[in-house]
Novice: 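Submitted below is the structure of interest, expressed as structure tokens.
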Amino acid sequence: MTSSKILNAVIPLVADLAQELPERERLRRLLAALRTLLPADAVALLRLNGEWLEPVAIDGLVPDTLGRRFKVAEHPRLAQLLAAGQAMRFAPDSPLPDPYDGLITKPGELHVHDCMGCVLQTGGLAWGLLTLDALEPDRFADGNALELLQAFSNLAAATVATAERVQQLSHAARSATAPAPRNAAADRRRQILGTSPAIRQLQSSIALVAASDLCVLITGETGTGKELVAQAVHAQSPRAAQPLVSINCAALPDNLVESELFGHVRGAFTGALSERRGKFEQAQHGTLFLDEVGELSLSVQAKLLRVLQSGQLQRLGSDREHQVDVRVIAATNRDLAAEVQAGRMRADFYHRLCVYPVVVPPLRARDSDTLVLAGCFLEENRARLQLGGLRLDAAAQAALLRYPWPGNVRELEHCISRAVLKALSRTLGQRKDSAKPRMLSIGDEDLWDGAAAAPLPPGQQATGLIVPLPAAEVEIASGDTPGLRNQVERYERQLLSASLARHHGNWAAAARELQLDRANLQRLAKRLGVER
């Protein structure tokens with residue numbers, strides 16, 4: 001009976017090995033076949049990446065599980081599975097917390113009561129884990145369960161090896177230079193998460209341009225993760241072993257920009273007590289990331305242009321030429337083509353930067369990636385607050401998917417952090433002891449309160465960086481209506497107040513968002529009676 005069950009599950013998968021299938025589909029079929037063998041409520045495939053286990057495929061778990069990263073040292077069950085080296089099952093009354101508590105999609109029970117797993121090995125090394133969980137005790141009590149899982153793990157290892165080989169060939173076909181190996185520092189950085197068409201297109205663009213030395217201009221709304229894209233381009237480039245040097249152009253006063261970029265010699269200006277290399281020389285043979293490049297003055301743009309064209313620069317106060325070999329990546333949330341038309345950016349500098357443009361999609365264009373990202377932020381908060389587990393209930397998931405996120409990924413991250421703190425505070429207030437709860441459930445009421453933006457009504461969409469107010473709140477009448485001026489001022493007051501609230505009272509940030517001069521904005525606020 002055992003042999004026939006294995007054959008029935010294995011034969012389709014063996015046929016799959018000879019087909020050109022997308023990695024996600026190949027792994028989905030693998031997990032579906034495992035659930036036909038063993039009566040699990042949820043199965044997961046996790047890849048070992050240094051000290052972390054990253055879910056790459058799930059079946060029966062909530063979508064945000066794909067965004068979570070499990071640190072082996074913080075999850076004793078996962079650590080024991082890795083150490084065992086073979087299939088093992090935990091006793092139903094095991095006191096060890098299960099990493100999937102509250103994450104199984106079946107309603108009702110939150111805690112896992114039966115759990116087993118197996119290490120997958122490729123090339124004699126541990127590739128990752130295959131885990132199975134059930135909500136009922138003794139679901140895996142059948143004496144053949146471990147034998148079935150161990151036999152299946154060999155096919156699973158062949159499947160993941162095939163999927164990775166296909167992915168490597170795909171990358172090699174897109175570029176003549178193979179991607180540089182990942183290092184430990186890159187593994188500690190956040191990765192670009194998501195499976196939406198928009199994010200897959202972005203990842204394809206990154207893989208394509210990374211192998212070259214072309215200048216890259218990354219554009220997108222604030223909070224979309226432009227710096228993360230720059231890090232990914234560098235990490236996948238032949239320069240990955242060399243430094244990635246970043247500079248925020250908006251944070252530098254005009255009198256220090258040249259010194260920061262090109263360096264200076266002793267005595268070049270008051271306070272220059274020694275010779276200093278600039279960011280270009282610090283990034284020699286590596287990558288220089290110019291964040292907020294649209295904030296540079298025209299004079300600095302002209303001096304940068306020469307470095308981009310010839311690789312030659314002069315330190316401030318020196319006549320000596322220095323030759324640099326640096327790949328430049330720039331980022332901005334401004335429309336640089338419009339800046340050129342307005343005379344605030346040199347056309348030649350813009351075209352030199354924009355050799356390969358990469359547009360980072362806003363979060364509202366990324367479908368269900370919102371839940372994957374939410375899972376990543378939930379796991380980060382769980383580790384930071386040392387909680388047993390965090391989950392989003394159905395109402396919270398729906399609210400996250402409904403909201404258009406004008407602040408994009410950064411706004412989502414802050415929203416999740418606030419929600420975790422509010423849920424923890426409420427739960428501890430209901431408990432007589434001070435012990436932290438084993439499972440913390442986050443609901444719709446935790447995500448939104450009076451200090452946070454509420455989800456827009458059905459049919460409302462975000463435009464640019466400003467969320468439009470519901471039509472019922474803004475009724476601008478036709479030109480001959482007596483109350484027109486009052487209605488316009490009311491609308492201005494609401495927009496200004498909302499912008500200041502989003503930027504925590506920062507007038508400069510609100511002025512940039514509303515595309516107004518800061519002094520004019522403050523005069524308008526005074527006239528409308530809006531305070532910080």
Side-chain angles (χ1 to χ4, degrees), residues 63-64 66-67 189-203 205-206 217-233 246 248 250 289 291-295 329-336 357-381 392 396-420 447-448 451-456 460-469 495 498-504 506 508-510 512-515:
D64 64 73
L66 284 173
R189 288 198 293 262
R190 281 182 176 169
Q191 300 175 1
I192 298 175
L193 298 175
T195 57
S196 65
I199 213 66
R200 290 203 301 270
Q201 177 60 45
L202 174 64
Q203 290 169 332
S205 296
I206 291 171
L217 178 62
I218 305 170
T219 59
E221 297 178 9
T222 183
T224 51
K226 295 183 287 295
E227 184 172 1
L228 202 60
V229 172
Q231 292 171 356
V233 172
S246 301
N248 185 351
F289 175 49
D291 198 11
E292 302 293 350
V293 70
E295 305 293 332
I329 301 175
T332 182
N333 58 10
R334 292 191 177 192
D335 183 350
L336 294 190
V358 173
V359 180
V360 185
L363 185 53
R364 60 182 173 274
R366 293 175 55 181
D367 304 325
S368 60
D369 284 355
T370 301
L371 295 182
V372 175
L373 290 164
C376 172
F377 300 140
L378 284 169
E379 186 62 23
E380 288 180 358
N381 280 277
L392 294 167
Q397 293 181 40
L400 291 176
L401 293 173
R402 187 169 62 245
Y403 185 59
W405 301 108
N408 294 293
V409 180
R410 185 181 297 119
E411 184 183 5
L412 172 64
E413 179 183 6
H414 296 166
C415 178
I416 293 296
S417 297
R418 287 195 306 269
V420 172
L447 295 172
W448 317 111
L456 291 179
Q460 287 287 336
Q461 296 295 326
T463 304
L465 301 180
I466 300 173
V467 180
L469 298 170
L495 282 181
S499 181
L500 284 171
R502 279 193 296 274
H503 295 288
H504 309 292
N506 188 316
R512 283 195 297 270
E513 178 179 309
L514 298 173
Q515 299 180 9

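Note that the coordinates shown come from a computational prediction; the quantities given were computed from them, not determined experimentally. The analysis underlying the following values was restricted to heavy atoms, covering all of them including side chains, and did not include hydrogens, waters or symmetry mates.
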Novice: If you take all heavy atoms of Leu373 and Arg366, which pair is closest and at what distance?
Specialist: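 Looks like CD1-NH2, 3.9 Å.
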Novice: Heavy atoms, side chains only, cut-off 4.5 Å: are Leu378 and Asn381 in contact?
Specialist: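 No, side chains not in contact.
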Novice: Working to the nearest 0.5 Å, report the span between CG of Asn408 and OG1 of Thr222.
Specialist: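 Here the interatomic distance stands at 7.5 Å.
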Novice: Can you find a pair of side-chain heavy atoms, one from Ser417 and one from His414, that are under 4.5 Å apart?
Specialist: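 A side-chain contact under 4.5 Å is absent here.
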Novice: Does the side chain of Val293 reach to within under 4.5 Å of the side chain of Leu336, using non-hydrogen atoms?
Specialist: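 Side chain of Val293 against side chain of Leu336, heavy atoms only: contact under 4.5 Å found.
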Novice: Give, for atom OG of Ser246 and atom CD of Gln231, the distance between the pair rounded to the nearest 0.5 Å.
Specialist: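 Answer for the OG-CD pair, Ser246 versus Gln231, is 7.0 Å.
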Novice: To check you understand the geometry: which heavy-atom pair defines the closest contact between Ala374 and Leu400, and what is its length?
Specialist: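 Reported closest heavy-atom pair: CB-CD1, 4.0 Å.
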Novice: Considering non-hydrogen atoms only, spot the tightest contact between Ala330 and Phe289 and give its length.
Specialist: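 Taking every non-hydrogen atom into account, C-CE1, 4.3 Å.
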Novice: Which distance, rounded to the nearest 0.5 Å, do you find between the CG of Leu193 and the CG of Leu371?
Specialist: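 It is 12.5 Å, given to the nearest 0.5 Å.
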Novice: To check you understand the geometry: which heavy-atom pair defines the closest contact between Leu217 and Ala331, and what is its length?
Specialist: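 Smallest heavy-atom distance, with atoms named: CD1-N, 4.5 Å.
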Novice: State whether a side-chain donor-acceptor pair under 3.5 Å links Ser196 with Asp369.
Specialist: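 There is such a pair between these side chains.
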Novice: How about Arg364 and Trp405: do any of their side-chain heavy atoms sit closer than 4.5 Å?
Specialist: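 Not touching, per the 4.5 Å side-chain cut-off.
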Novice: Taking the side chain as C-beta and beyond, is there a heavy-atom pair between Glu221 and Val360 under 4.5 Å?
Specialist: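 No. Closest side-chain heavy atoms not under 4.5 Å.
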Novice: Testing the basics here: between Lys226 and Thr219, what is the closest heavy-atom pair and its distance to 0.1 Å?
Specialist: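 Shortest heavy-atom contact: CD-C, 3.9 Å.
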Novice: If every non-hydrogen atom of Gly294 is compared with every non-hydrogen atom of Thr332, which pair is closest and at what distance?
Specialist: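 Answer, listing the atom of Gly294 first, then Thr332: N-OG1, 4.1 Å.
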Novice: Would a 4.5 Å heavy-atom cut-off, applied to side chains only, mark Gln397 and Pro63 as touching?
Specialist: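 Yes. Closest side-chain heavy atoms under 4.5 Å.
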Novice: Which distance, rounded to the nearest 0.5 Å, do you find between the CG of Asp64 and the OG1 of Thr370?
Specialist: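 Rounded to the nearest 0.5 Å, the CG-OG1 separation comes out at 11.5 Å.
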Novice: Walk me through whether Ile206 and Ile192 qualify under side chain to side chain contact (heavy atoms under 4.5 Å, CB included).
Specialist: CA-CA 11 Å; Ile206 291 171; Ile192 298 175; 3.6 Å; yes
Novice: What's the spacing between Ile218 CD1 and Leu202 CG if we round to 0.5 Å?
Specialist: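 Output value for this atom pair is 8.5 Å.
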